[in-house]
Amino acid sequence: MSKTKRLSTDFFIREVTVVAPDLLGKTLVRCFDDGTKQRFIITETEAYRGQDDKACHANKGKTARTEVMFRKGGLVYVYLIYGMYWLLNFVTGPENESSAVLIRGIEGISGPGRVGKALKLDKSFYGENLATSPKIWLEDTGLKLNYTTLPRVGINYAGEPWISKPWRFVADPL
DNA sequence: GTAAGGATTGGC
DNA sequence: CCAATCCTTACT
């Protein structure tokens, strides 16, 4: 028998700064339309912490684009950036907390834009429930990775103190 | 309605 | 360094 188990909603109903590093080493499973499945180990994440965080899209309040972040954790938040890349995020925390984790890297793939491309993401993933979706979910194989914390990328517009928050989590090489 | 710019990437 | 490419937000 296997130790592998699908992560439930409870996993995501925690502080985003706890969930983000805890996702490192977890397996991201993507089931495509033709039934083929691909599995990727998560190697890099970033935490976006609710309305107070000026780097978080939810800081401007609830809009059509960000409303999913205000819902209960365990949902998928995807959005198109620069007209060409779908970035993958997992909503965390209880209802009305508007926090999310950006998946910046998976095994063999660096960069959030390339992650979305590898997983063939699109608008239809917006609001997917990771506990029940047939297309995308996470599994815990028991793997734990050591990691390093760094400042987040591409958010200079947010200003201090947000620029300096060590909310980027990168798994150490094996 | 119109305009500016983005949690990026790859090419010059 | 800068274009690609289109959606979201802010402002007239």
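Labels below follow one simple rule: chain letters A, B, ... track the order of the sequence lines, proteins then strands, and each chain is numbered from 1.
When the P atom is used for both C:dT5 and B:dT2, the distance is 23 Å, rounded to whole Å. Comparing B:dG6 with C:dC1, their P atoms are spaced 16 Å from each other, to the whole Å.
Relative orientation of the A:Trp167 and A:Trp162 rings is tilted, given thresholds of 30° and 60° on the angle between their planes.
At the phosphate of B:dA7, OP1 or OP2 sits under 4.0 Å from a side-chain N or O atom of A:His57. Between A:Arg104 and B:dT8, a side-chain N or O to OP1/OP2 separation shorter than 4.0 Å is present.
Closest of all the heavy-atom pairs between A:Ile136 and A:Glu128 is CG2-CB, 4.5 Å.
As judged by a 4.0 angstrom heavy-atom cut-off over every strand, A:Gly113 is placed among residues touching the sugar-phosphate backbone only. A:Arg152 comes within contact range of no nucleotide atom at all, as no heavy-atom separation falls under 4.0 Å.
The distance between atom CD1 of A:Ile155 and atom P of B:dG5, rounded to the nearest whole Å, is 19 Å. Between the C1' atom of B:dA7 and the CZ atom of A:Phe169 lies a distance of 15 Å, rounded to the nearest Å. The separation between A:Tyr85 atom OH and C:dC7 atom C1' is 16 Å, rounded to whole Å. One can place CH2 of A:Trp86 at 17 Å from C1' of B:dT9, the figure rounded to the nearest angstrom. If you take OH of A:Tyr82 and C1' of C:dA4, they are 12 Å apart, rounded to a whole angstrom. For the pair A:Glu44 CD and B:dA7 P, the computed distance is 16 Å after rounding to whole Å. Taking atom CD1 of A:Ile81 as the reference point, atom P of B:dT9 lies 10 Å away to the nearest angstrom. In this entry the distance linking CG of A:Asp122 with P of C:dC6 reads 14 Å, nearest Å.
Between the side chain of A:Glu46 and the backbone N or O of A:Val153, at least one donor-acceptor pair lies under 3.5 Å. Counting only distance, with no hydrogens or angles, the side chain of A:Thr43 and the backbone of A:Gly105 share a donor-acceptor pair below 3.5 Å.
Every stem involving DNA chain B, taken as at least 3 paired positions in a row under the Watson-Crick or G-U wobble test at 3.5 Å, is listed here: B:1-6 with C:6-11, B:8-11 with C:1-4.
A 6.0 Å sphere centred on CG of A:Asp33 holds no more than 12 heavy atoms belonging to other residues, nucleotides or ligands.
With distances taken from any side-chain atom of A:Thr63 to the nucleotides B:dA7, C:dC6, C:dT9, the minimum falls on C:dT9. Of the candidate nucleotides B:dG6, C:dT5, C:dT9, C:dT9 has the atom lying nearest to any side-chain atom of A:Lys60. If you check B:dG10, B:dG6, C:dC6 against the side chain of A:Arg114, the one that comes closest is B:dG10.
Closest-nucleotide positions on DNA chain C for A:Lys123 and A:Met84 were compared, and the one nearer the 5' end corresponds to A:Met84. Nucleotides of DNA chain B nearest to A:Tyr157 and A:Lys117 differ in position, and the one nearer the 5' end is that of A:Tyr157.
Between A:Glu15 and A:Arg49 there is a salt bridge, since a side-chain N of the basic residue sits under 4.0 Å from a carboxylate O of the acidic one. A salt bridge does not link A:Asp53 with A:Lys165: none of the charged nitrogens is closer than 4.0 Å to a carboxylate oxygen.
Annotation: cation-pi geometry satisfied between A:Arg152 and A:Tyr48 (NZ/CZ under 6.0 angstrom from ring centroid, within 45° of ring axis).
Aromatic stacking of A:Tyr48 on B:dA7: satisfied, with centres closer than 5.5 Å and planes within an angle under 30 degrees.
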